[in-house]
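Below is one structure, written out as structure tokens; comments come after it.
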Amino acid sequence: MNRTGRYRLGVLGSGKGSNMTAIAEACAAGKIPGEIAVVISDVADAGILQNARKFGVAAEFIAPGKYRTKLDEDSERTYLERLRAEEVDLVVLAGFMRILKGEFLRAFANRVVNIHPSLLPAFPGLEAWKQALDHGVKVTGCTVHFVDQGVDNGPIIAQEAVPVLEDDTPETLHARIQVAERQLYPTAIGALAEGRITVKGRRVLWKR
Ligand code: GAR
């Protein structure tokens with residue numbers, strides 16, 4: 001725990017920020033015993049930054065550098081410095097569309113979590129809801145997991161199933177998955193903040 005005595009979250013996102021909003025609301029309602037210290041985006045005009053400011057949370061754009069799918073070295077260092085300066089206990093990826101690697105994951109070992117819009121290990125990568133629809137599965141969902149060196153690969157903390165309907169479009173399916181995400185992510189982060197989560201190899205155990 002940092003010197004504030006509060007469990008502090010650093011949220012990274014590239015999109016509209018509906019997960020961040022659900023997390024901020026859960027903090028305000030005491031469902032997560034902690035607070036969002038900072039929201040950082042790699043997209044200057046991302047909705048997540050505007051939404052964070054509505055909650056009075058510090059929100060910053062940090063340029064990602066020269067690559068398309070990851071942060072370059074200088075940028076990764078800047079993200080790290082910012083999160084460390086805020087004494088963040090947990091890094092929460094909420095629609096952050098870049099891969100984090102080496103130095104970053106070592107600095108926050110076992111303290112980076114992500115939400116992915118499928119039941120992993122099915123459909124890792126981009127537009128997982130579209131992959132599910134194209135594959136023809138009848139059930140998909142969302143997964144909260146620890147982030148490791150692999151893509152959408154770390155130990156699974158929580159999952160929620162969502163049915164695929166016959167008249168679903170990519171948009172309607174993603175919207176239904178996002179309803180489940182807004183419940184699942186705050187619940188998982190709350191349990192982490194309360195110290196109710198332990199990891200044994202690939203298995204994540206909850207103290208209920
Ligand atoms: C969420 O559906 C999340 O699962 C997905 O991006 C969306 C962000 O929405 N993440 C990924 O696809 C990561 N591979 P939000 O900005 O409204 O929270």
Side-chain angles (χ1 to χ4, degrees), residues 9-28 32 36 38-55 57 59-62 64 67-71 79 90-101 104-105 112-135 137 139-164 168-190:
L9 310 173
V11 179
L12 309 190
S14 312
K16 64 182 195 296
S18 64
N19 278 288
M20 185 285 302
T21 299
I23 293 161
E25 285 169 354
C27 289
I32 295 174
I36 300 181
V38 65
V39 171
I40 307 175
S41 182
D42 58 329
V43 177
D45 59 353
I48 192 170
L49 294 176
Q50 288 145 33
N51 283 328
R53 290 180 190 120
K54 286 186 200 152
F55 287 89
V57 169
E60 279 175 38
F61 162 66
I62 301 181
Y67 302 115
R68 208 170 48 81
T69 57
K70 61 179 183 178
L71 301 175
Y79 273 71
L90 185 72
V91 177
V92 174
L93 306 185
F96 190 63
M97 300 313 279
R98 287 171 193 270
I99 293 162
L100 297 170
K101 311 219 301 179
F104 191 103
L105 294 179
V112 184
V113 293
N114 181 43
I115 186 143
H116 183 77
S118 75
L119 293 176
L120 289 172
F123 313 127
L126 295 177
E127 297 189 322
W129 59 91
K130 190 163 182 304
Q131 294 184 52
L133 205 55
D134 290 347
H135 197 89
V137 295
V139 178
T140 184
C142 50
T143 302
V144 178
H145 65 94
F146 287 104
V147 175
D148 68 8
Q149 301 279 352
V151 176
D152 300 326
N153 176 69
I156 290 170
I157 302 168
Q159 293 187 302
E160 183 77 36
V162 172
V164 180
D168 261 332
T169 63
E171 293 72 31
T172 60
L173 181 56
H174 189 203
R176 199 169 328 103
I177 292 169
Q178 287 207 302
V179 172
E181 289 184 342
R182 291 197 289 268
Q183 290 292 323
L184 193 69
Y185 215 2
T187 302
I189 293 167

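Indexing begins at 1, ligand by ligand and atom by atom, following the structure's order.
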Non-hydrogen atom of H174 closer than 4.0 Å to ligand 1: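 Yes, H174 has a heavy atom closer than 4.0 Å to ligand 1.
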
Residue-ligand contact I48/ligand 1, heavy atom below 4.0 Å: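 For ligand 1, residue contact (heavy atoms, under 4.0 Å) with I48 is absent.
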
Looking only at protein heavy atoms, identify the closest one to [atom] and say how far it is in Å.
atom: atom 14 (N) of ligand 1; answer: H116 ND1, 3.5 Å
atom: atom 12 (O) of ligand 1; answer: P117 CD, 3.5 Å
atom: atom 9 (O) of ligand 1; answer: Q178 NE2, 3.0 Å
atom: atom 16 (O) of ligand 1; answer: G17 N, 2.8 Å
atom: atom 17 (O) of ligand 1; answer: S18 OG, 2.6 Å

Nearest option to atom 1 (C) of ligand 1, as decided by whichever heavy atom of E181, R182, M97 sits closest: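 Nearest heavy atom to atom 1 (C) of ligand 1 lies in E181.
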
Q183 atom CD, neighbour heavy-atom count above 12 within 6.0 Å: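 Atom CD in Q183 is not packed in, count stays at 12 or less.
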
Over 12 non-hydrogen atoms of neighbours within 6.0 angstrom of OH in Y67: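 Counting neighbours around OH of Y67, 12 or fewer heavy atoms of other residues, nucleotides or ligands fall under 6.0 Å, so no.
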
Donor-acceptor pair between Q178 and K16 side chains, under 3.5 angstrom: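 Yes, a side-chain donor-acceptor pair sits under 3.5 Å.
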
Check: [Y] and [X] side chains under 4.5 Å, non-hydrogen atoms:
X: I189; Y: L9; result: yes
X: I40; Y: V11; result: no
X: F123; Y: V137; result: yes
X: T140; Y: W129; result: no
X: S18; Y: R182; result: yes

Atoms of ligand 1, numbered as shown, that sit under 4.0 Å from any heavy atom of G15: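 Close to G15: 16 (O).
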
Between [X] and ligand 1, is there a nitrogen or oxygen pair with a distance under 3.5 Å?
X: G95; answer: no
X: W129; answer: no
X: D152; answer: no

